Protein chains: 2
Amino acid sequence: MFRQVSFKELMKVFGVGAVALVLGVEWLDWLMRRLGFRRVSRLKEVLFFPSPQTCVEHLFTPARSFPCACPLPHGTETSFSRLLGHLLSACVSLDLCVFSFSHVELSRVVLHLHNRGVTVRVVTDRDYMAITGTQIGTLRRAGICVRHEMSSAVHMHHKFALVDGRKLITGSLNWTLTAVQSNKENVMVTEEPELVRPYLKEFQKLWEANDPANHKQQAAK
Amino acid sequence: MFRQVSFKELMKVFGVGAVALVLGVEWLDWLMRRLGFRRVSRLKEVLFFPSPQTCVEHLFTPARSFPCACPLPHGTETSFSRLLGHLLSACVSLDLCVFSFSHVELSRVVLHLHNRGVTVRVVTDRDYMAITGTQIGTLRRAGICVRHEMSSAVHMHHKFALVDGRKLITGSLNWTLTAVQSNKENVMVTEEPELVRPYLKEFQKLWEANDPANHKQQAAK
């Protein structure tokens, strides 16, 4: 009933089995994609504001050994600390498109990323970049490239950020203290490519459209 | 080599085969979900503004036989017409949370839905509901329930809408003519439950928090 199987035959069976398994898994993966199935574990998070004021020092200096002595509550995660965490996760680039920017802690995040070697590009509104407490001057003095809407008849009203070209942070929140601490606001954080891609394209469009070099050339014509 | 197969045997084989097929498909579906795969065909759309002015009459009266005689361009799809289309797709409910609302065409959409029997609820900002050309009075006179942020120290700065509790429309766009026709704005439309659910919860929270009945009771205490 049982016959002797040689080592060569056994290896052949194992080899064919392994190839069949790999091809089978590949085929199943292809079939699932073809049928509209997809592995989904992509980030989708919604943050609501106002956010309570807490200490966020640990996000800037995670390795420090002594506890922070500031009077703010510690160890609590809030919408604001989550927002900072997402921004600070940038390794390569931060593209920021924001109507008004006067929040000191958010400015600190941008400067921190710039100092860490992250490429930061900012597009803002022409009129609102001059509001009381604006951080645009601070960013420019630090060497960050900021462009503003060229037309005075139009408001650059977006409030979105792109982290490493793959994480989108967008919503109603302007980067001001009132927005973070008082207003009813929302911020969505997602890595869904179908949502991220159009914002990447829009940023690039605005970045190029508001290049001062192009406008100087046009003015000289 | 071939033997006669009775009709009963054939039916037995078909029966077992059919049950095995159904169970197999069910098992595959379960396995895919278990492994983190999911059928994805959910709406994800991003609209950018300003949007060119075109005729949107066909969205309100799709069945009319004669062509519209207005001087605006016809037959062109724009970000604004897409936005109107998404709003007009409401069958059961429209929950709207918007900072400032003075756009006549958008007001017409809300009234149209209300007249069609769609349950409309609006939450708006206390100060901005009195801006020039505000549509809040028009909605209230038509019998639509509008609530406003009760605190004067806080701005209700959201700009989102929920269609039938499953389609989320959110972004930087206020419902004003300047926002639609002049500003650089974004609107995201999605049916991703992980994104829709938090906004549904936030709307309900704001709706209850700004119920005038509760505030009258509190004031009387």
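In this text, all values refer to a predicted model and were calculated from it rather than measured experimentally. Order of the sequence lines sets the chain letters (A, B, ...), proteins ahead of strands, with each chain counted from 1.
Residue with the most contacts toward chain A among B/Ser182, B/Cys97, B/Ser151: B/Ser182 (heavy-atom pairs, distance under 4.5 Å). Among A/Thr190, A/Thr170, A/Val46, the residue with the largest count of heavy-atom pairs under 4.5 Å with chain B is A/Val46. Your options are A/Val154, A/Thr178, A/Leu173, and the one with the most heavy-atom pairs under 4.5 Å with chain B is A/Val154.
Ring geometry for A/Phe80 against A/His103 counts as tilted: the plane angle lies between 30° and 60°, on a 0 to 90° scale.
The side-chain hydrogen bond (donor to acceptor under 3.5 Å, both in side chains) check on B/Ser107 picks up B/Gln135, with sequence neighbours excluded.
Salt bridge B/Arg147/B/Glu208: absent, no basic N to carboxylate O contact under 4.0 Å.
Atom CZ of B/Phe203 sits in a crowded spot, with more than 12 heavy atoms from other residues, nucleotides or ligands closer than 6.0 Å. Atom OH of A/Tyr128 sits in a sparse spot, with 12 or fewer heavy atoms from other residues, nucleotides or ligands closer than 6.0 Å.
Of the two parts of B/Leu47, neither the backbone nor the side chain holds a non-hydrogen atom closer than 4.5 Å to a non-hydrogen atom of chain A. When heavy atoms are compared at a cutoff of 4.5 Å, A/Phe99 does not approach chain B at all. In this structure, the portion of A/Glu149 lying under 4.5 Å from any heavy atom of chain B is its side chain and not its backbone.
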